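For reference, the structure discussed in these notes is given below.
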Amino acid sequence: MRLKTNFTTARVSCECIDQFVFLQVEHGDHDNKSLLRFGALWQAHFSHDSLLVYSTGRSPKMFADLRGEVPLLTPAIAVLSCGTEIFYGDSMTEDDAWVDNINKGWSRAAVEEVANEMNLKYQCDSEQRPHKVSFHVRKEEAKYVIPSLREKLLAKGLDIKLIYSGGLDLDVLPRSAGKGQALRYLLNKLKAEGCVPQQTLVCGDSGNDQELFSVDNVFGVIVANAQDELLQWHANQVGDKSHIFVSTEKCAAGIIEAMKHFNLQPNVSPRDCNVPLSVHCRRIPKADPGAVAREVVEYLLLTEQWLRGDIDASEAAFRRLKFSLDKNSNRICARGIIDNPHEEIESLRNQHGSQKGKNFRIWADRVRSIKLSDDSWLVRFDKWERSDCVNLHLVQMLNGRVCSLVLFYKPMKNFRMEFAGN
């Protein structure tokens, strides 16, 4: 089942969705191995027909900062500020209908008035949002502060909810907002467009994720590095909890573990297996957007492994790299320079192991393809690199921002990729 989407506006337009992954932005994956494993799995097998959604308590500013620090893929949808803001696509277009929906019974000024009377300590300015007022309340004070604050706000006629997480963070939201409500809203929106996902997986690690697991017809995973408040909530639940999996792996590795537990296929990351070097393994019966994406992911992963010295310096590796690129292809750079990408591959010969021992990684983001004819595909993707002591940055591959390739395919033959420009 394949997906065609347009997220340039708040209106979701699609034919059919295979997977819907509501991914909690998690903490503790300091070397980013888990995120890279998940990212490779998603780009290679799911990005062409599924939706990736990030859900986080972070504000748009803090979310943007996070994306500059860790290798997060570009999501189809970002649910920010504890489920009070929903954004779509690369352009981060806000869903105005969601804003109108959560406006009912809400007054930020009234919340601030009560908070000031109680001398509550506000979080930083960036975390104060139109429909979220956030405070720091110590755990030992929370059992007194929260009931008192709730009572005072309800007395003012406000329809609100209070979410306490991490033993410190207290958020006041409209009752109609929150991560769980945002997920229900998105699922209903997709249903109205005639594209109900076959499976939905939600992932969480803190107290403000609890309501995600109460949404009907979804799988859930509580990752191993989850905070005690979420684990305790799960332990206190009665009845059938088979739809919630408590993983033994931390962060995004726990998500992959949950995919295996719930038998969501495929569930093996390209980073967890060797890229086949034999070109004879590249013969496949048909080409589709998924096969195209996998070819891009494997090409970049093999380049990374060569530079890190994770594979032997062999002609087989070079044959595999060149195999994906048509020998007559041209590379058109942003500055107008035209050359053959095979020359760039040849330049890697004396760079084998140059990044050995370093936290050097290469990955693809926003892999998307268009079928041009029965035997060719136009592919565009962003190539990212990260190494020690260097901030995350988008590599100007081909001296341009985006890679464009044409992949040629003939039945029972091999892919050929041609750099097509920009």
Side-chain angles (χ1 to χ4, degrees), residues 7 10 21-30 32 34-36 38-39 42 51-95 98-99 102 106 108 111 120-137 161-174 176-183 185-186 202-213 221-223 225-227 229-230 250-252 254-255 365 391-392:
F7 291 101
V21 175
F22 208 79
L23 175 63
Q24 168 66 23
V25 179
E26 307 193 56
H27 321 283
D29 185 16
H30 300 298
N32 300 313
S34 294
L35 273 176
L36 288 165
F38 177 81
W42 183 267
L51 294 179
L52 180 64
V53 182
Y54 291 152
S55 176
T56 176
R58 292 175 174 85
S59 64
K61 179 185 183 305
M62 289 194 71
F63 178 65
D65 291 343
L66 179 68
R67 294 196 65 197
E69 298 169 1
V70 299
L72 285 175
L73 299 180
T74 301
I77 307 172
V79 179
L80 307 181
S81 305
C82 288
T84 62
E85 298 178 88
I86 299 177
F87 299 92
Y88 298 93
D90 301 347
S91 61
M92 291 287 285
T93 302
E94 188 167 10
D95 189 328
W98 175 245
V99 174
I102 64 176
W106 173 254
R108 179 182 175 84
V111 175
L120 295 183
K121 182 180 179 181
Y122 288 85
Q123 293 182 24
C124 61
D125 290 344
S126 68
E127 299 313 288
Q128 309 303 326
R129 304 298 298 166
H131 295 86
K132 180 175 80 77
V133 189
S134 299
F135 310 98
H136 286 314
V137 178
K161 69 170 65 172
L162 277 65
I163 299 177
Y164 189 63
S165 59
L168 182 64
D169 299 324
L170 176 62
D171 300 306
V172 182
L173 321 173
S176 55
K179 293 181 179 180
Q181 295 284 39
L183 174 54
Y185 171 84
L186 290 170
V202 301
C203 319
D205 69 351
S206 66
N208 62 19
D209 300 318
Q210 293 175 9
E211 57 185 49
L212 284 175
F213 301 104
V221 52
I222 298 175
V223 292
N225 56 305
Q227 296 175 4
E229 63 211 25
L230 184 58
K250 297 180 179 180
C251 303
I255 299 171
D365 186 22
N391 291 331
L392 200 61

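Only a predicted model underlies this, so the values are computations on that prediction, with no experimental measurement involved. In this chain, numbering begins with 1 at the start of the sequence shown.
Proximity of Y185 to I86: side-chain heavy atoms (C-beta onward) are separated by under 4.5 Å at one or more points. In this structure the side chain of E94 reaches within 4.5 angstrom of the side chain of V99, judged on heavy atoms. Two residues are said to be in side-chain contact when any heavy atoms from C-beta on lie closer than 4.5 Å; C251 and N225 meet this criterion. D95 places none of its side-chain heavy atoms less than 4.5 Å from the side chain of F87. Considering only heavy atoms from C-beta on, V53 stays 4.5 Å or farther from P75 through its side chain. Annotation: side chain of P60 is in contact with side chain of S81 (closest heavy-atom distance under 4.5 Å). The side-chain heavy atoms of L72 and L66, taken from C-beta on, include a pair separated by under 4.5 Å. Here the side chains of M92 and L80 are in contact, with some heavy-atom distance below 4.5 Å.
For S134, the side chain to side chain contact (heavy atoms under 4.5 Å, CB included) partners at least two apart in sequence or on another chain are Q123, Q128, K132, D171.
Look at K161 and E211 and you find a salt bridge, because one of the NZ, NE, NH1 or NH2 atoms lies within 4.0 Å of a carboxylate O, short of that distance.
When L73, I77, V79, T74 are each tested for a side-chain contact (heavy atoms from CB on, under 4.5 Å) with Y54, only one passes: L73.
Checking D169 against Y164 by side-chain atom types alone, no donor-acceptor pair falls below 3.5 Å. A donor and an acceptor atom, one from each side chain of Q227 and S206, are nowhere located under 3.5 Å apart.
A donor-acceptor pair is defined here as one N or O able to donate and one able to accept, closer than 3.5 Å; such a pair exists between the side chain of E229 and the backbone of G166.
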